[in-house]
Engineer: 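Below you'll find the structure I mean.
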Amino acid sequence: MAYVTPESEALPLDAPAEPGALEAEHSSRDVRQRWFLSLPSILIIFFFAAGPLSVMLLYSFLTPGNYSGVKWEFSTDAWSSILMQRDIFDDTLQWADAHLSIFWRSLSLSMITTALTLIFGLPTAWFISTRPPGRRELWLFLMTVPSWTNLLVRTIAVQEMIRAEGVINNVLVFVGIVDEPVQMMFTNFAIGLGMTYVYLPLMVLPIYAAVEKLDKRLLEACYDLYASRWQAFYRVILPLVKPGIIAGSILVFVPCLGAYVVPRVLGGGKNLMFGNLIELQFGAGRNWPLGASLSFTLMVIVMVALIFYIRVTSQERKDG
């Protein structure tokens, strides 16, 4: 007599599916629904972000047009022109001194502005966080009110303060500190001052968020252990608010690199920065491929800064 094992029996058509198969089918359906719901956002990102960037990347490998635009001829001269240029007489390559000076001015002024906003922003954030709870909102409101106005309006306000007939020079002459107005406009000092004023709230707010979460009892413990104010600041406060300092520094450094309005108004067209150089290539320079390559160079610098911030914050999360 032959016996049929259960494995050799055919399953009926209406037999229930295995639990693993049901779970896999449910997971696959959930993934399809998520992609379908994300489709509008993906299309918006592609057409308004990735699409224009792809066009700019394509332009950076083309030849400049005679009057503007591009010629559909492949060339890498735009990328080599970022740091090098050809001599008009013997066609030899040499350093692009004008570009290098603009790069250095952009990096140096961005770092100086970041340092100045940190110097002024850390005490400001500490002052706001130590006010009574009912008054903190008022101080934060006063800190963010200038940001509600247009950037050009705020820059012109700085111009009215430091120009030859401005408030600062009038006060200096009236007090007798100087005999004639000091030339502050159209200098690196004017650009740094303007960017410090404009981007100061971007430094204060992240530091304030970090200081507000600081346990003030740790400072009492420091003083009980006979620590000085400097030791308490260096060993307790600074390490705990470091994420806010890093976040604020990135928020200030990144827009400073691509600043356009402040150097244009306060620099007077003489002290160009990265953003002004890019605008010049798309405007009077009529060299769209070079402008596109400069734009991608700026984007790479910004990405490096953001990656540095992400790595630092991720390491701090791992360390608890």
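All values derive from a computational prediction rather than experimental measurement. Quick note: numbers below take in every heavy atom, side chains included, and nothing from hydrogens, waters or symmetry partners.
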Engineer: Roughly how far apart are Met143 CE and Leu140 CG, rounded to 0.5 Å?
Structural biologist: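 Here the rounded value is 8.0 Å.
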
Engineer: Does any N or O in the side chain of Glu212 come within less than 3.5 Å of the main-chain N or O of Ala209, such that one atom is a donor and the other an acceptor?
Structural biologist: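 No, the answer is negative, given that no donor and acceptor are paired below the 3.5 Å cut-off.
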
Engineer: When rounded to the nearest 0.5 angstrom, what is the spacing between CD1 in Ile250 and CD1 in Ile245?
Structural biologist: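 So the gap between those two atoms works out to 12.5 Å.
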
Engineer: Starting at CG of Leu107, measure out to CG of Leu257 and round the result to the nearest 0.5 Å.
Structural biologist: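 So the gap between those two atoms works out to 6.0 Å.
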
Engineer: Can you give me the closest heavy-atom contact between Leu272 and Ile102, atom names plus distance?
Structural biologist: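 Taking every non-hydrogen atom into account, O-CG2, 3.8 Å.
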
Engineer: Is Asn169 reaching over with its side chain to a backbone N or O of Gly166, donor-acceptor style, under 3.5 angstrom?
Structural biologist: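 It does not hold such a pair.
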
Engineer: Within the supplied structure, the quantity of interest is the number of heavy atoms (other residues, nucleotides, ligands) at a distance under 6.0 Å from Tyr226 OH; does it exceed 12?
Structural biologist: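 12 or below, so no.
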
Engineer: Heavy atoms, side chains only, cut-off 4.5 Å: are Arg264 and Met273 in contact?
Structural biologist: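 No. Closest side-chain heavy atoms not under 4.5 Å.
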
Engineer: Quick one: side-chain hydrogen bond (donor to acceptor under 3.5 Å, both in side chains) partners of Trp79, sequence neighbours excluded?
Structural biologist: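 Residues passing side-chain hydrogen bond (donor to acceptor under 3.5 Å, both in side chains) with Trp79: Ser60.
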
Engineer: Compile the donor-acceptor pairs under 3.5 Å between side chains in residues 35-59 and protein atoms, sequence neighbours left out, one pair per line.
Structural biologist:
unit_1	atom_1	unit_2	atom_2	d
Ser38	OG	Arg34	O	2.9
Ser54	OG	Ala50	O	2.7

Engineer: Just so I know, are the side chains of Met303 and Leu306 near enough to count as touching, which here means a heavy-atom distance under 4.5 Å?
Structural biologist: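 A side-chain contact is absent here, since even the closest heavy-atom pair is not under 4.5 Å.
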
Engineer: With side chains defined as the heavy atoms from C-beta onward, is the minimum distance between Phe189 and Met184 less than 4.5 Å?
Structural biologist: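 Yes, at least one pair of side-chain atoms sits under 4.5 Å.
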
Engineer: Using side-chain contact (heavy atoms from CB on, under 4.5 Å), reason through Val171 and Ile177 one step at a time and then give a plain yes or no.
Structural biologist: CA-CA 9 Å; Val171 172; Ile177 298 178; over 6 Å; no

Engineer: With sequence neighbours excluded, what pairs up with Glu165 under the salt bridge (Lys or Arg N to Asp or Glu O under 4.0 Å) test?
Structural biologist: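 Here the qualifying residues are Arg163.
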
Engineer: Residues two or more places apart in sequence or in another chain: which of them pass ring-ring contact (aromatic ring centres under 6.0 Å, His included) with Phe127?
Structural biologist: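 Once residues adjacent in sequence are excluded, the partners of Phe127 under the ring-ring contact (aromatic ring centres under 6.0 Å, His included) criterion are Trp139.
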
Engineer: Please identify each residue that fulfils side-chain hydrogen bond (donor to acceptor under 3.5 Å, both in side chains) with Ser75, with sequence neighbours left out.
Structural biologist: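 For Ser75 the side-chain hydrogen bond (donor to acceptor under 3.5 Å, both in side chains) partners, ignoring immediate neighbours, are Asp77.
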
Engineer: To the nearest 0.5 Å, tell me how far Asn287 CG sits from Gln281 CD.
Structural biologist: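 Between atom CG of Asn287 and atom CD of Gln281 there are 5.5 Å.
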
Engineer: Should we count OH of Tyr223 as having more than 12 external heavy atoms under 6.0 Å?
Structural biologist: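 For Tyr223, atom OH is crowded (more than 12 foreign heavy atoms under 6.0 Å).
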
Engineer: Distance-only check: which donor-acceptor pairs under 3.5 Å involve side-chain atoms of residues 117-124, not counting sequence neighbours?
Structural biologist:
unit_1	atom_1	unit_2	atom_2	d
Thr117	OG1	Thr113	O	2.9
Thr117	OG1	Thr114	O	2.8
Thr124	OG1	Phe120	O	2.6

Engineer: Within a reach of under 6.0 Å around CD of Glu180, are more than 12 heavy atoms found that belong to other residues, nucleotides or ligands?
Structural biologist: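 Atom CD in Glu180 is not crowded, with 12 or fewer foreign heavy atoms closer than 6.0 Å.
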
Engineer: Please answer: with hydrophobic residues joined when any side-chain heavy atoms are less than 4.5 Å apart, are Val158 and Leu202 in the same cluster?
Structural biologist: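 Same cluster: Val158 reaches Leu202 through Ile, Leu, Val, Met, Phe, Trp or Tyr contacts under 4.5 Å.
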
Engineer: Measure the spacing between CD1 of Ile237 and CZ of Arg229 and express it to the nearest 0.5 Å.
Structural biologist: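 Answer rounded to 0.5 Å: 9.5 Å.
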
Engineer: Residues in side-chain hydrogen bond (donor to acceptor under 3.5 Å, both in side chains) with Ser28, at least two apart?
Structural biologist: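 Scan of Ser28 (side-chain hydrogen bond (donor to acceptor under 3.5 Å, both in side chains), adjacent residues dropped) gives Arg32.
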
Engineer: Sequence neighbours excluded, which residues qualify as salt bridge (Lys or Arg N to Asp or Glu O under 4.0 Å) partners of Asp215?
Structural biologist: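 Here the qualifying residues are Arg217.
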
Engineer: Between Phe141 and Trp148, is the ring centroid distance below 6.0 Å?
Structural biologist: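 Centroid separation for Phe141 and Trp148: below 6.0 Å.
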
Engineer: Report yes if the side chains of Val265 and Gln159 come closer than 4.5 Å at any heavy-atom pair, otherwise no.
Structural biologist: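 A side-chain contact exists here, since the closest heavy-atom pair is under 4.5 Å.
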
Engineer: Sequence neighbours left out, cut at 3.5 Å: what donor-acceptor pairs do the side chains of residues 190-199 make with other protein atoms?
Structural biologist:
unit_1	atom_1	unit_2	atom_2	d
Thr196	OG1	Gly192	O	2.7

Engineer: For Met84, is the CE atom crowded, meaning more than 12 foreign heavy atoms sit under 6.0 Å from it?
Structural biologist: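 For Met84, atom CE is crowded (more than 12 foreign heavy atoms under 6.0 Å).
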
Engineer: Establish whether Val211 and Leu138 are linked, either directly or via other cluster members, by ILVMFWY side-chain heavy-atom contacts under 4.5 Å.
Structural biologist: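 No, separate clusters.
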
Engineer: Kindly say whether Asn271 contributes a backbone atom to a donor-acceptor pair with the side chain of Asn188 at under 3.5 angstrom?
Structural biologist: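 Not a single qualifying donor-acceptor pair exists.
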
Engineer: Determine the minimum heavy-atom distance between Phe103 and Leu83, stating which atoms define it.
Structural biologist: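 Distance-wise, the nearest heavy atoms are CE1-CD2, 3.9 Å.
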
Engineer: So with a 6.0 Å cut-off around CG of Asn150, is the heavy-atom count from everything else above 12?
Structural biologist: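 More than 12 within 6.0 Å, yes.
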
Engineer: Is the shortest side-chain heavy-atom distance between Val302 and Phe253 below 4.5 Å?
Structural biologist: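 Counting from C-beta outward, Val302 and Phe253 never come under 4.5 Å.
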
Engineer: Hydrophobic cluster membership, with links at side-chain heavy-atom distances under 4.5 Å among I/L/V/M/F/W/Y: are Trp288 and Tyr260 in one?
Structural biologist: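 In one cluster with Trp288: Tyr260, no.
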
Engineer: Taking all non-hydrogen atoms of both residues into account, name the closest pair between Leu298 and Gly258 and its distance.
Structural biologist: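 Smallest interatomic distance, heavy atoms only, reads CD2-CA, 4.0 Å.
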
Engineer: Can you sort out the partners of Arg286 under salt bridge (Lys or Arg N to Asp or Glu O under 4.0 Å), two or more places apart, ordered by chain and number?
Structural biologist: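 For Arg286 there are no salt bridge (Lys or Arg N to Asp or Glu O under 4.0 Å) partners, ignoring immediate neighbours.
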
Engineer: Do you know the tightest heavy-atom contact between Ala210 and Val241?
Structural biologist: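 Closest pair (atom of Ala210, atom of Val241, distance): CB-CA, 4.0 Å.
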
Engineer: Do the side chains of Leu266 and Met185 get nearer than 4.5 Å, heavy atoms only?
Structural biologist: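 Answer yes - side chains close enough.
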
Engineer: If we only count heavy atoms from C-beta on, is the Leu294 to Leu277 side-chain gap below 4.5 Å?
Structural biologist: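 Side chain of Leu294 against side chain of Leu277, heavy atoms only: contact under 4.5 Å found.
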
Engineer: Checking His99 side chain against Ile82 main chain: does a donor-acceptor pair fall under 3.5 Å?
Structural biologist: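 Looks like yes, one N/O pair under 3.5 Å.
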
Engineer: For Pro201 and Ser147, which heavy atoms make the closest approach, and how far apart are they?
Structural biologist: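 Smallest heavy-atom distance, with atoms named: CG-OG, 3.7 Å.
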
Engineer: Determine the minimum heavy-atom distance between Pro206 and Leu251, stating which atoms define it.
Structural biologist: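 Taking Pro206 first and Leu251 second, the nearest heavy atoms are CG-CD1, 3.7 Å.
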
Engineer: Dump the intermediate steps for side-chain contact (heavy atoms from CB on, under 4.5 Å) on Met299 and Phe296, then the final yes or no.
Structural biologist: CA-CA 5 Å; Met299 187 177 67; Phe296 269 90; 3.3 Å; yes

Engineer: Between CD1 of Ile156 and CD of Glu160, what distance do you get to the nearest 0.5 Å?
Structural biologist: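 The CD atom of Glu160 is 8.0 Å from CD1 of Ile156, to the nearest 0.5 Å.
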
Engineer: Tell me whether Arg131 contacts the main-chain N or O of Arg136 through its side chain, where contact means a donor paired with an acceptor under 3.5 Å.
Structural biologist: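 No, the answer is negative, given that no donor and acceptor are paired below the 3.5 Å cut-off.
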
Engineer: With the 4.5 Å side-chain cut-off for hydrophobic clustering, are Trp126 and Tyr208 part of the same group?
Structural biologist: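 Each belongs to a different hydrophobic cluster.
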
Engineer: Between Ser249 and Met203, is there a side-chain heavy-atom distance shorter than 4.5 Å?
Structural biologist: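 In contact.
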
Engineer: Hey, quick one: are Ile278 and Trp104 part of the same hydrophobic cluster, counting side-chain heavy atoms closer than 4.5 Å, chains of contacts allowed?
Structural biologist: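 No, no single cluster joins them.
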
Engineer: Going by ring-ring contact (aromatic ring centres under 6.0 Å, His included), name the residues that satisfy it together with Phe233, two or more places apart in sequence or in a different chain.
Structural biologist: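 Per chain and number, Phe233 pairs via ring-ring contact (aromatic ring centres under 6.0 Å, His included) with Trp230.
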
Engineer: What residues form a salt bridge (Lys or Arg N to Asp or Glu O under 4.0 Å) with Arg135, not counting sequence neighbours?
Structural biologist: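 Here no residue qualifies.
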
